[in-house]
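Below is one structure, written out as C-alpha cells; comments come after it.
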Amino acid sequence: GTLDILDISSDVTFTTVGSATVGTGLTGVVVQGRYAYASDGGSNNVYVVDVSSSTNPFVISSVGIAATSSAVFVSGRYVYVSGGDNKLHVIDVQNPLSPSEVQTITIGGQPKKLFVSGRRAYIPNYTSSTLSVIDILGTEMNGLVAHSAEFGTLQALGDEQIFNNL
C-alpha cells in the first residue's frame, strides 16, 4: 500500500505531493504530531511514518501484530489496533523508532472500527452485533500540574515532590 500526502489547497483538484510505501494492504491511518501510524492488513504490520516533510514522508519503523488489522487509533503514547484475531492490540510508540506491542485484549467478533476517548476504547463488532467498551488502564504522563486530582491508586516510580496535606 501507499500512504499519499495530498495538497488540498485548491477546491478544484487535489495533488499528490509525497508518498511512502507501507506494506501491501493499508487498512487505516491516523496522525499525531509529526508521525502517521498506518496499519497494514497484508503484512500484519503497523508502520510509523515521519510526515514532518509533506514532500518526503518516510517509514522510520514498524511493528508486527499477530493478525490482520481492521482499524487503528492513536492516543498519547499508544497506538490501538483492532485485529482479525478478535483482539485489541496496544502498541507503545513513546519511542517511534522502536514501537512495541505491550498488550492484547480479547474483544468481540470481527471488529471493524475503533475509537479511544479518555480511558476507554470503543469497538463495534460486526459478527456479534455488539459494542466492546474496554477500560484502558495504565495511561502514563510525563508530568502533571493540577489544581486538584482524584486517584484510585497513585504510584511514583522515580523522583516525586508532594506538598501540603497528602
Side-chain angles (χ1 to χ4, degrees), residues 1-11 13-128 130-142:
T2 302
L3 173 66
D4 291 327
I5 298 181
L6 305 175
D7 178 353
I8 59 170
S9 59
S10 167
D11 59 354
T13 61
F14 300 148
T15 306
T16 301
V17 294
S19 63
T21 301
V22 287
T24 59
L26 193 61
T27 57
V29 176
V30 292
V31 177
Q32 179 174 275
R34 67 184 285 174
Y35 300 108
Y37 303 95
S39 60
D40 179 65
S43 65
N44 297 346
N45 284 321
V46 175
Y47 293 89
V48 181
V49 182
D50 187 325
V51 294
S52 58
S53 168
S54 60
T55 58
N56 188 31
F58 58 96
V59 174
I60 63 168
S61 62
S62 66
V63 61
I65 62 171
T68 301
S69 60
S70 56
V72 62
F73 196 92
V74 63
S75 180
R77 69 182 271 183
Y78 297 103
V79 171
Y80 302 90
V81 181
S82 58
D85 59 351
N86 300 329
K87 293 184 179 178
L88 175 65
H89 299 263
V90 182
I91 300 167
D92 187 340
V93 292
Q94 181 176 20
N95 178 357
L97 295 172
S98 183
S100 62
E101 186 173 47
V102 293
Q103 187 175 13
T104 58
I105 302 164
T106 300
I107 53 179
Q110 280 190 307
K112 294 293 183 188
K113 303 288 182 188
L114 167 63
F115 184 78
V116 175
S117 179
R119 289 183 37 161
R120 291 189 172 71
Y122 301 89
I123 305 133
N125 304 296
Y126 178 72
T127 56
S128 60
T130 60
L131 175 68
S132 295
V133 180
I134 308 295
D135 190 15
I136 301 168
L137 300 175
T139 302
E140 299 180 24
M141 62 184 85
N142 290 329

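- Take Glu101 and apply the side chain to side chain donor-acceptor pair (under 3.5 Å) test, not counting sequence neighbours, and it matches His89.
- With 3.5 Å as the limit, one finds a donor-acceptor pair spanning the side chains of Asn125 and Thr130.
- Nearest approach of Val81 to Val46, heavy atoms of both residues: CG2-CG2, 3.6 Å.
- Residues Val63 and Ser100 approach most closely at CG2-CA, 4.3 Å, considering heavy atoms.
- Screening Thr104, Val102, Val79, Ile136 against Val90 for a side chain to side chain contact (heavy atoms under 4.5 Å, CB included) leaves a single residue, Val102.
- Atom-to-atom distance recorded for Asp92:CG and Gln103:CD is 11.5 Å, nearest 0.5 angstrom.
- Distance check, rounded to the nearest 0.5 Å: OG of Ser54 to CG of Asp4 gives 12.5 Å.
- At least one side-chain heavy atom of Ile65 sits less than 4.5 Å from a side-chain heavy atom of Ile91.
- Looking at Val59 and Thr21, their side chains never come closer than 4.5 Å, going by heavy atoms from C-beta outward.
- Side-chain atoms of Ser43 and Asp40 include a donor-acceptor pair closer than 3.5 Å.
- A pairwise comparison of heavy atoms in Asn86 and Pro111 identifies OD1-CD, 3.6 Å as the closest pair.
- Summarising the geometry of Ile123 relative to Lys113, their closest heavy-atom pair is CG2-O, 3.5 Å, with the distance given to 0.1 Å.
- Between the OG atom in Ser53 and the CD1 atom in Ile5 there is a gap of 7.5 Å [rounded to 0.5 Å].
- Judged by distance alone, the side chains of Ser69 and Thr27 do bring a donor and an acceptor atom under 3.5 Å apart.
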(request) May I have the step-by-step check of side-chain contact (heavy atoms from CB on, under 4.5 Å) for Val48 and Tyr37, ending in yes or no? (result) CA-CA 5 Å; Val48 181; Tyr37 303 95; 3.9 Å; yes
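- In this structure, the side chain of Ser19 does not engage the main chain of Thr2 through any donor-acceptor pair within 3.5 Å.
- Shown here for Ser52 and Asp50, the closest heavy-atom pair between the two residues is OG-OD1, 2.6 Å.
- Ser61 contributes a side-chain N or O that, together with a main-chain N or O of Pro96, makes up a donor-acceptor pair within less than 3.5 Å.
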(message) side-chain contact (heavy atoms from CB on, under 4.5 Å) for Gln32 and Val30? Distances and angles first, verdict last.
(response) CA-CA 7 Å; Gln32 179 174 275; Val30 292; over 6 Å; no
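- Distance check, rounded to the nearest 0.5 Å: CD1 of Ile8 to OG1 of Thr13 gives 11.5 Å.
- Side chain of Ser70 to backbone of Ser82: a donor-acceptor contact under 3.5 angstrom is found.
- For the atom pair OH of Tyr122 and CG of Leu131, the computed distance is 8.5 Å after rounding to the nearest 0.5 Å.
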(request) For Asp7 and Phe14, run side-chain contact (heavy atoms from CB on, under 4.5 Å): C-alpha distance rounded to whole Å, both residues' side-chain angles, the deciding distance at 0.1 Å, then the answer. (result) CA-CA 6 Å; Asp7 178 353; Phe14 300 148; over 6 Å; no
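- In this structure, the side chain of Asn45 does not engage the main chain of Tyr47 through any donor-acceptor pair within 3.5 Å.
- In plain terms, the two heavy atoms of Ala20 and Val49 that are nearest each other are CB-CG1, 4.1 Å.
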